[in-house]
Amino acid sequence: MADVIEVGAARGDAPPPAGGRLRRRGATERGHRATPYLFLAPYLVLFGVFGLAPILFGVWISLHQWDLQLPNRPFIGLGNYRDLFSSDSAIYGDWWSSVRATAIFTVLSVPLLVVVPLGLALLLNRSFPGRTFFRAAFFAPYVLGVAVIGLLWRFLLDANLGLVNRLLGAVGLPSDTPWVTDVPWAWVSLVGVTVWWTCGFNAVIYLAGLQDIPAELYEAARVDGANGWDRFRHVTLPGLRPVLLFVLTTTILASANVFGQAFLITQGAPGEQTRTVVWRIVDEGLRDYDAGRAAAMSVLFALMLAVVSIVNFRLFRYRED
Amino acid sequence: MITNEMSRRRLLGLGVGLGAAATLTLAGCGGGSSTGGSTAAGNGGKDYTGPKVDLKLWNGFTGGDGDIFKKLVEQFNTEHQNIAVSVVTYEWQDYYSKLPGAVSSGNGPDIAVMHMDQLATFAARGVITELDDVAKTLELSEGDFAPTVWKGGLYHDKRYGIPLDMHPLGFYYNKGVMQKAGLDPNKPPATKDEYTAALAELKKSGVQGFWVSPFQFTGGMTFYSLLHQWGGTLFDGEVAKATFNSDPAVEACTWLVDMIKQGYSPANVGQDADYLAFKSGKNAFNFNGIWQINDLKKTPTVQWGVAPLPQIGSQPAAWANSHNFTIVKQRSADNNKVAGAKVFINWLSQHSLDWAKGGQVPARKAVRESAEFKGLTEVNALAPELEYAAFPPATPGLGEVMTTFYNAFNEAALGKKSPKQALDDGVAKANKQLEDNRKKYGS
Amino acid sequence: MTSLRRGVRYAVLLLITAVFVTPVVWMLLTSLKTYADAQQDPPSWLPNPFSTYGYDAIINNTANPVLRWFVNSMLAATLHTLLVLVTASMAAYALARLRFHGRRLSFALIVGTLFLPPTSLIIPNFVIAERLDWIDTLTVVVVPGAASAFGVFFLRQFFLSIPRELEEAAVLDGANHWQVFTRVLLPLSKPALATLAVLSFLTNWNDFLWPVYVLFSPERLTLPAGLGLLQGAYVTDYPVIMAGAMLASVPVLILFVLAQRHVIQGVSRSGLKG
């Protein structure tokens, strides 16, 4: 993972011109050898206890038939993993259908969640009267919890009673679209609601990132006769690259973790088609009390996400070359 | 403990630098699940004369139900100087998720209210304790309860739950809509022919009379009821095999799905839409839980009535469930607490008439047959259903199997699969789940 | 020309705002309806009559300590945010600016944990919190979540995008790392810190699954974990839910507007380098 992320973050890490390099070396030598570790220590304590330890513990759980309540938690090796891969196990169909649902949602939502907020951030970055109002307006949906937005949209999107179909009907469009009970509409709903809900989240991250781009770079570009698009491509995008990488990575992970929206809005319908991986994990671990299997699913899912991310970062690197 | 030692060493062997938390033992000994309260504590709930005990009770009665329950508990507390019961309420879904953690960490309740179909799961996992002596002292027997409710509290021939109430599915009819369609609002349809005739009349007046929801609430429970009306069952007698793809089941499912095909119901009915449409007069009939009686009373604009489910199939049947009292095993057993808890359960069971005002049918026959209960017109209207109510079987780990059942119906109701195909697929999966559960719980 | 462009900008912004805000306005109006009014079909926009039913159910609720939940949530989210800001900024500084043995490995490990669904850590973290005797305390909703890699990853990427010149100048003036970090980098990072503060606060404020799983006493619940108890088990009580949502979200929105000032301050900062 490490080099992959480094590559994405190349701009910030790239060796500065010769003079800078000398000065930087001076900077490093000034500190004590323990300094970096002292800076890291407070976080690493937290991370060790509540980040790393639970993960290792989770891996250990995944090798057992593990139930918080049962006195016997027999070691079953890779049994939980085998169930996920063998087509005659009870969980096989559910598991892979949830992986499929999660993949569909992620592929559909990530591009929108990376691009739309960037557009919003660019619109809102300039100084103009009312800017704070607009920023707050775009951020407002994200302030609401998933339980609330889920119930709200289930009500608005109801095929027979909902306001959305009613409005569509009023302007002469079909008014019987099954927004929450049939595919592909259910996907449109889930992705649309998620974009509406979390757009503000990524937009504020972009906004913060835009503050770091020195204004003189824009001025220099303008002096060179660059138009708006040129300035975006040659100043804004390179300046945002580390932030962009952050947004892309965390958005993929957030989308892959989708749960509440599907749980409340489509309730998995039709059948199990919109039931996602995290939902499945919660069901196994907290409803059916099979923590071992839930842990195995988590580990497998984490591996899948790691592969996706590595592929993603490799692509980033090629483009940089 | 051997496994715990081994696992701890294995974890440390992986080089986890735990820093400040080096004293952590990650093995996660669940703590006390195998020890626990002696079942013989007290005299089975007759009375309690020991030192004062504080008891924690957990339930899932949010909303109006909870207030009624709390008032009952207050009354109990004033009548019993040496027992103080405090009530904690969580949403049912959260409740079942957090109960195991609470018990294993010593934060659990002394008394827990549970649905009947959860008893076996929690009994098998050693969370709750046996209550045979309570039943004996209280001289409770099958005759005091509906037989299925009484048997539902058993797991491996031992009693784990004392039933508080029963809540069946009822038939709600909108009198205003019926009247507009020229139907007699005081004569709700009671047979298949009457039912379809009424729907045809409603259709003529432009009303899709019976919205079939594809979700568990309420379409799934409606299908559950009809499946039993057609003479089918969900599982075989030992709950070893799923049988909800039998011919009667497929016929019942087809009948329901045809409601949509024939235009008596719109397609793609959303969660709660069937009930909201009922309240706003967009449909006329709704199979819904007894709990909606109190909700409808809050909406005076709706003219409504409630009756036992019409008999669509060859015999009467209705989905039902029951709330049960259980006593939770503790890390360190306190016989006084267990004795006090039994007194409470006994007392509340006898006072369950007040609970009926919360919109549930009391489990105790004596209470049910009292004149006072008969005065609760609407709730009493559903009491006859208890003779033939179809309760879920008492088998551990049934939750996921029921999800499979409801999802199978979902696919059929949304037209994704034919009823036969959807139920066949569901049964194939359910059978594997049942087999897994047998291995896990060793029954 | 410029006034035309400004006009277009406002038109676009207003249109997008309408899309974003309409559902929120719907919620606000629903929170002012009566129970029956909220179930009308067809639904009406304006409450008829305007009612405080939803807010009464929450505020005048004697059975549930709603105010207490609010205070708990405030405390938890504030402490959580402070913990994240302090630990993550220090760690991010080391990872972005310092060279040391094991840097890549630690960063890879930290980011690697992002891949595991947070929900899957609930049971392991529960067992750990139990060993620490933190179950059913404020600490348990403050600390474990702060181990998330999000803050470290976030700040590291921002530090990387900040030009180094000012820090190097400070080093030439004889500043040590701690001084560079606190006097140069952190002030330069105000927009990022303000943003992370809002996001961390919000994550903790809205967190639901974990508090529900580890808090057991009614008086110790956080707001989202508690609000669920106020509605009936079988019927969706929209006015109560929406009133709860309004009460829970307004403080965070105010916090956001306040934090925005720091993000905007960052713009003028770039003049420093001219």
Side-chain angles (χ1 to χ4, degrees), chain A residues 1-2 5 9 12 23 27-28 30-31 35-36 39-40 42-43 46-47 50-51 53-55 57-58 123 132 134-141 143-145 148 151-152 161 163 166 204-205 207-208 211-212 214-216 242-243 245-246 253 257 278 281-282 285 291 294 298 301-302 305-306, chain C residues 13 17 20-21 23-24 27 41 43 87-88 90-91 93-94 98-100 104 107-108 110-117 119-121 123-125 128 144 146-147 152-154 157 160-162 168 171 176-177 191-192 195 206 224 236 241 245 249 252-253 256-257 260 263 266-267 270 273-274:
Chain A
M1 261 330 291
I5 301 252
R23 267 183 283 159
T28 316
R30 199 171 290 270
T35 308
F39 270 96
L40 273 173
Y43 177 73
L46 274 180
F47 179 72
F50 298 106
I55 288 178
F57 186 24
L123 266 177
T132 305
F134 286 116
R135 285 188 178 185
F138 294 148
F139 194 67
V143 167
L144 304 163
V148 172
L151 288 172
L152 170 75
L161 303 175
L163 210 63
R166 218 176 284 269
V204 298
I205 294 176
L207 272 172
Q211 313 309 315
D212 285 342
E216 54 268 35
V243 175
L245 183 82
F246 173 80
L253 296 173
N257 275 294
V278 169
I281 291 172
V282 170
S298 306
F301 188 53
L305 288 176
Chain C
L13 279 173
T17 307
F20 272 79
V21 171
V24 180
M27 292 175 54
D41 185 83
T87 57
M90 287 172 65
Y93 178 73
L98 304 180
R99 310 222 155 256
F100 59 94
R104 289 187 154 201
F107 185 62
I110 290 169
V111 172
T113 58
L114 275 175
F115 296 126
L116 216 70
T119 37
S120 67
L121 300 181
I123 291 172
N125 263 331
I128 292 172
V152 174
F153 186 23
F154 178 89
Q157 297 305 96
L160 287 180
S161 74
I162 292 176
E168 282 160 7
V171 169
N176 64 26
H177 280 299
T195 304
N206 277 341
T236 311
I241 293 170
S249 56
V252 190
L253 212 53
F256 174 78
V257 170
Q260 277 299 302
V263 177
V267 184
S270 54
K273 276 174 276 167

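Excluded from the calculations below are hydrogen atoms, water molecules and symmetry mates; all remaining heavy atoms, backbone and side chain alike, are included. Lettering of chains follows the sequences in order, A, B, ..., and the numbering in each one begins at 1.
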Query raised in the report: Could you walk me through whether C:F256 and A:V204 pass the side-chain contact (heavy atoms from CB on, under 4.5 Å) check?
Result: CA-CA 10 Å; C:F256 174 78; A:V204 298; 3.4 Å; yes
**Report entry** Stepwise side-chain contact (heavy atoms from CB on, under 4.5 Å) test for C:D41 and A:R166
**Finding:** CA-CA 11 Å; C:D41 185 83; A:R166 218 176 284 269; 3.0 Å; yes
Report task. Go through the steps for A:R135 and C:V257 under the test side-chain contact (heavy atoms from CB on, under 4.5 Å), then give the verdict. Result -> CA-CA 8 Å; A:R135 285 188 178 185; C:V257 170; over 6 Å; no
Query - Test side-chain contact (heavy atoms from CB on, under 4.5 Å) applied to A:I205 and C:F154, step by step - result: CA-CA 9 Å; A:I205 294 176; C:F154 178 89; 3.8 Å; yes
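Partners of C:Y93 by side-chain hydrogen bond (donor to acceptor under 3.5 Å, both in side chains), not counting sequence neighbours, listed by chain and number: C:H177. A:P54 pairs by the side-chain contact (heavy atoms from CB on, under 4.5 Å) definition with C:L121, C:P124, C:N125, C:I128, not counting sequence neighbours.
Most heavy-atom pairs under 4.5 Å with chain A, from the set C:V21, C:I123, C:V252: that is C:I123. Contacts with chain A were tallied for C:P144, C:A94, C:A192; C:P144 has the most, counting heavy-atom pairs under 4.5 Å.
Formation of a donor-acceptor pair under 3.5 Å by the C:Q157 side chain with backbone atoms of A:F246 is not found in this model.
Distance CG/A:L46 to OG1/C:T87: 5.5 Å, rounded to 0.5 Å.
Shortest non-hydrogen contact noted between C:T17 and A:F134 is OG1-CD2, 3.2 Å.
Contact of C:T119 with chain A is made through the side chain alone, with heavy-atom distances under 4.5 Å. Both the backbone and the side chain of C:P23 come within less than 4.5 Å of a heavy atom in chain A.
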